Each structure stands twice: as structure tokens, then as C-alpha cells.
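Since the structure is predicted, the reported quantities are computational estimates derived from the model, not experimental observations.
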Amino acid sequence: EISTALWEIINKNQVQELERLLTAKPIYAFVRSADGRGPMWWAHEYGRHDIVMLLRDVGVSENHVDRNGMAPLKKESNKGNIGDRWEE
């Protein structure tokens with residue numbers, strides 16, 4: 001399943017692999033798992049700055065919510081992890 005493959009790539013911080021995959025299939029950047037989370041969620045969860053930037057560049061929003069109504073930025077800023085530290 002593509003969501004599992006994407007999660008593994010992000011978990012392992014394989015930026016070049018993700019970039020290659022998204023170049024071939026840009027729609028993969030917008031994949032969501034059953035809980036409503038996807039690549040942007042996982043990038044924030046694991047602190048993958050370069051992946052967050054890559055996903056931003058292809059148009060993935062950090063404000064889309066999961067099935068519980070939480071967005072990646074809101075969740076992370078509540079934890080004090082990433083939040084708006086990555087603004088460019």
C-alpha cells in the first residue's frame with residue numbers, strides 16, 4: 001500500500017527517494033491513511049524538515065485535518081516541537 005511505503009520513506013528520512021517518487025507520481029504527496037493523516041503529518045511527527053519543505057513545494061497544506069480534526073501544525077505546536085520554526 002502506498003501510504004505505508006510513504007510512511008516508511010518519511011520515517012527513514014529518505015528525502016531523495018521521496019523526491020524521486022513525487023516526481024514520478026505527484027499525487028502521492030496527497031495520500032491519506034485511514035486515520036486521515038498523510039505525508040505532511042508524518043514529516044512533522046518525525047521532525048523531517050527537508051521533507052516538510054518538499055511537501056510544501058508541491059502544494060501540500062499543513063492545515064488539512066485528520067479524522068479527529070487535528071492539523072499537523074496544530075498538533076506539533078501543541079507539543080512544542082516544530083510549529084512555525086520552519087517558516088521561510
Side-chain angles (χ1 to χ4, degrees):
E1 177 178 307
I2 190 60
S3 64
T4 301
L6 289 166
W7 178 86
E8 289 176 0
I9 289 168
I10 294 166
N11 182 44
K12 294 177 182 176
N13 202 27
Q14 296 174 325
V15 179
Q16 291 177 333
E17 176 65 15
L18 183 61
E19 189 169 24
R20 183 194 64 74
L21 187 63
L22 295 181
T23 298
K25 300 276 187 175
I27 195 71
Y28 285 171
F30 301 92
V31 165
R32 296 286 191 103
S33 63
D35 64 3
R37 296 180 180 187
M40 186 63 83
W41 269 98
W42 305 320
H44 275 280
E45 182 177 6
Y46 294 108
R48 306 300 191 216
H49 177 264
D50 292 338
I51 292 176
V52 168
M53 293 295 124
L54 174 62
L55 293 169
R56 282 181 181 177
D57 287 347
V58 298
V60 179
S61 173
E62 292 165 279
N63 296 312
H64 289 147
V65 297
D66 67 6
R67 71 174 183 208
N68 295 316
M70 293 291 293
L73 278 179
K74 183 175 181 183
K75 180 176 184 283
E76 292 307 319
S77 61
N78 285 343
K79 284 181 167 180
N81 291 344
I82 297 166
D84 57 14
R85 290 191 313 210
W86 290 353
E87 292 299 316
E88 289 191 315

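- Under the 4.5 Å side-chain heavy-atom criterion for ILVMFWY residues, a single connected hydrophobic cluster contains both M70 and V52.
- In this structure, the separation between CZ on R48 and CG on N13 is 4.0 Å, given to the nearest 0.5 Å.
- Under the 4.5 Å side-chain heavy-atom criterion for ILVMFWY residues, a single connected hydrophobic cluster contains both V58 and L18.
- With rounding to the nearest 0.5 angstrom, the CD atom of Q16 is 11.5 Å from the OG1 atom of T23.
- Between E45 and I10 there is no side-chain heavy-atom pair separated by less than 4.5 Å.
- Remark: the backbone N or O of N68 is paired with a side-chain donor or acceptor of D66 at under 3.5 angstrom.
- Residues Y28 and I51 share a hydrophobic cluster, clusters being chains of Ile/Leu/Val/Met/Phe/Trp/Tyr side chains in contact below 4.5 Å.
- Note that NE2 of H44 and CG of L55 are 8.5 Å apart. Values are rounded to the nearest 0.5 Å.
- For the atom pair CG of N11 and CH2 of W42, the computed distance is 11.0 Å after rounding to the nearest 0.5 Å.
- A distance of 8.5 Å separates NZ in K12 from CH2 in W7, rounded to the nearest 0.5 Å.
- Side-chain atoms of M40 and R56, non-hydrogen and from C-beta on, do get closer than 4.5 Å to each other.
- Taking CG of L6 as the reference point, atom NZ of K25 lies at 12.5 Å (rounded to 0.5 Å).
- Closest heavy-atom contact between R67 and A34: NH1-O, 3.7 Å.
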